[in-house]
Protein chains: 2
Amino acid sequence: MALNDINQTEITRLRVACSNCNLRELCLPVDLTPNEMTRLEELSNQKRSFATGDYLYRSGDRFKSLHAIRSGSFKTRVLHEDGREQVTGFLMAGEIIGLEAISTDAHTCEALAMEDSEVCELPYAKLAELSREIPSLQRHLYKIMSREIVRDQGIMLLLGSMRAEERLAAFLLNMSQRNAIHGMSATQLRLRMSRLEIGSYLGLKLETVSRAFSHFQDEGLIQVKARAVEILALPKLREMVGK
Amino acid sequence: MALNDINQTEITRLRVACSNCNLRELCLPVDLTPNEMTRLEELSNQKRSFATGDYLYRSGDRFKSLHAIRSGSFKTRVLHEDGREQVTGFLMAGEIIGLEAISTDAHTCEALAMEDSEVCELPYAKLAELSREIPSLQRHLYKIMSREIVRDQGIMLLLGSMRAEERLAAFLLNMSQRNAIHGMSATQLRLRMSRLEIGSYLGLKLETVSRAFSHFQDEGLIQVKARAVEILALPKLREMVGK
DNA sequence: CGTTTGACTTGATATATGTCAAAATAGCGC
DNA sequence: GCGCTATTTTGACATATATCAAGTCAAACG
């Protein structure tokens, strides 16, 4: 089960969202020998299901596995002393969750399902051990992690210098590209998160997010119907974030 | 030469700045056997010197080495089409520079000296090869990289939700801790960068940075004399960034 | 159906930051 | 020390976003 449930073509599709609204291919390298691929598949030993609001892990939990999201979606967040929620990420089907904990031995944030979801467990110790034997896997692991650094230098760092509508444009483009990479529409988005969560993620108030959505619609850039968003002018959105 | 010039106690001091204004120990693990340590020292094959404004690398340069900064300091930046400079990081003596390029085979930003500086080259291929033979070194490398992710979730991500003075407080604390970790004063800072560069890094205008400095001084939190900053109330600064 | 509930939108106003301009200060070569 | 220049500080005002407060809408439920 687990990774074995994911067929070869699906494996080549596993991705991680990254960098300045761009997506990059994930971790599971496609240049492995059949034997190596088999060993990688055997590595995953568990599949788990989650309902909306269920925790995949909590802050303080010992870190022992990464997880490949097979279906559904998760958000990661930090809860501040005063109860405020700070959303730190949205993870979609086909993406890898848990990377932020590798350095710490314990999770520093919590992850919970935004809808009914399934994940495959990837025990980190086994992954690291295997990567020692398979140099190309090791290279890939280094790359996934350092891509997160690039992301840092991309979206996150720029967040500080972007205005509200630029942030939302970046967010929508990111969602669009992650959608597309998983074989779904690049223009028809079904957002899984509330305006409040988007705001928390982007460092904006929910009203500001809502106004930005409305303004984009007035400008003919998107069509909004609650959480169903159709992108009408991808190029203009790209222009807004400078690419 | 190179790493051999750095004595044992200095090696244990090499660090990388990270995470939400906290510093973490770096990469060069101290739990190596003498033999392993020797091999690591032999790995570095070159020492280079730089004057103010010299480039350590430019965007597009092929990535082949990390660099340990022996003295001086560097900034990394991205230049936008329109000529605007976006500062993406400040790297101090004792820290490792170049990590952002590991995933790309080419540098995505440029690094230049903010003062006369010296670096030791750490050829990445050799480092990766060595880490395959020394598991504890591999663990360390993974950790350095993923720490950058945590940093993402720390300072960078929070940047979006922090106000100007909170950002500056976070910046000052970061500088203070990096100073302290290298055996220098935690309260007497000699900033190497201009208000413009700080602003670019924090996503603020230079005037806003200046006003924040002035306000902190009025409040008795710091003593400012151009780029010499004395921190008078560390705890209050920590409070401002929520820790 | 009508009611309830939560999410979303919209408006009025306050606050924070950016923008433009000028003055003060520090650094530096002579 | 003097004068030059770049940096920094400060002020007045414009703009963007937050805050507070209603109002709308849609799904869920009696």
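Numbered from 1 within each chain, the chains take letters A, B, ... in sequence-line order.
Nearest nucleotide to the side chain of A:Arg211, out of D:dA12, D:dT8, C:dG11: C:dG11. Checking D:dA16, D:dT8, D:dA18 against the side-chain heavy atoms of A:Arg163 singles out D:dA16 as nearest. The side chain of A:Val224 lies closest to C:dT9, out of D:dT19, D:dT8, C:dT9.
Among the heavy atoms of the strands, none lies under 4.0 Å from A:Gly199. Within the 4.0 angstrom heavy-atom criterion, only backbone atoms of the sugar-phosphate kind lie near A:Ser194; the bases stay farther away. A:Leu206 comes within 4.0 angstrom of a nucleotide base, judged by non-hydrogen atoms across all strands.
Between A:Lys225 and A:Thr208, the residue whose closest nucleotide on DNA chain D is further toward the 5' end is A:Thr208.
One atom, CG of A:Leu204, and another, C1' of C:dA16, lie 14 Å apart when rounded to the nearest Å. Separating the CG atom of A:Asp218 from the P atom of C:dT9 is a distance of 11 Å, rounded to the nearest angstrom. One atom, CD of B:Glu165, and another, C1' of C:dG18, lie 15 Å apart when rounded to the nearest Å. Whole-Å rounding puts the B:Gln217 CD to C:dA24 P distance at 18 Å. Straight-line distance from the CD atom of B:Glu166 to the P atom of C:dA16: 11 Å, rounded to whole Å. Atoms NE2 (B:His215) and P (C:dT17) sit 11 Å apart, rounded to a whole Å. Here the C1' atom of nucleotide C:dT9 and the CD1 atom of A:Ile198 are 14 Å apart, to the nearest Å. Across the protein-nucleic acid pair, A:Arg167 atom CZ and D:dA16 atom P stand 14 Å apart, rounded to whole Å.
Between the OG atom in A:Ser161 and the CZ atom in B:Arg84 there is a gap of 7.5 Å [rounded to 0.5 Å]. In this structure, CG on A:Leu91 lies 4.0 Å from CD1 on A:Ile97, to the nearest 0.5 angstrom. A distance of 5.0 Å separates CZ of B:Arg178 from CE of B:Met92, quoted to the nearest 0.5 Å.
For the ring pair (Phe, Tyr, Trp, His ring centres under 6.0 Å) with A:Phe74, the qualifying choice from A:Tyr57, A:Phe90, A:Phe50 is A:Phe50, the only one to do so.
Taking only side-chain nitrogens and oxygens, A:Ser214 comes nearer than 4.0 Å to OP1 or OP2 of C:dT10. Dashed line: the shortest gap from a side-chain N or O of A:Arg227 to OP1 or OP2 of C:dC8 is under 4.0 Å.
Taking the ring axis of B:Phe213 as reference, the NZ or CZ atom of B:Arg195 stays within 45° of it and closer than 6.0 Å to the ring centre.
Contact of B:Arg195 with D:dT10 (side chain to base): no donor-acceptor pair of N or O atoms is detected under 3.5 Å. Taking 3.5 Å as the limit, the base of C:dC20 and the side chain of B:Glu207 contain a donor-acceptor pair of atoms between them.
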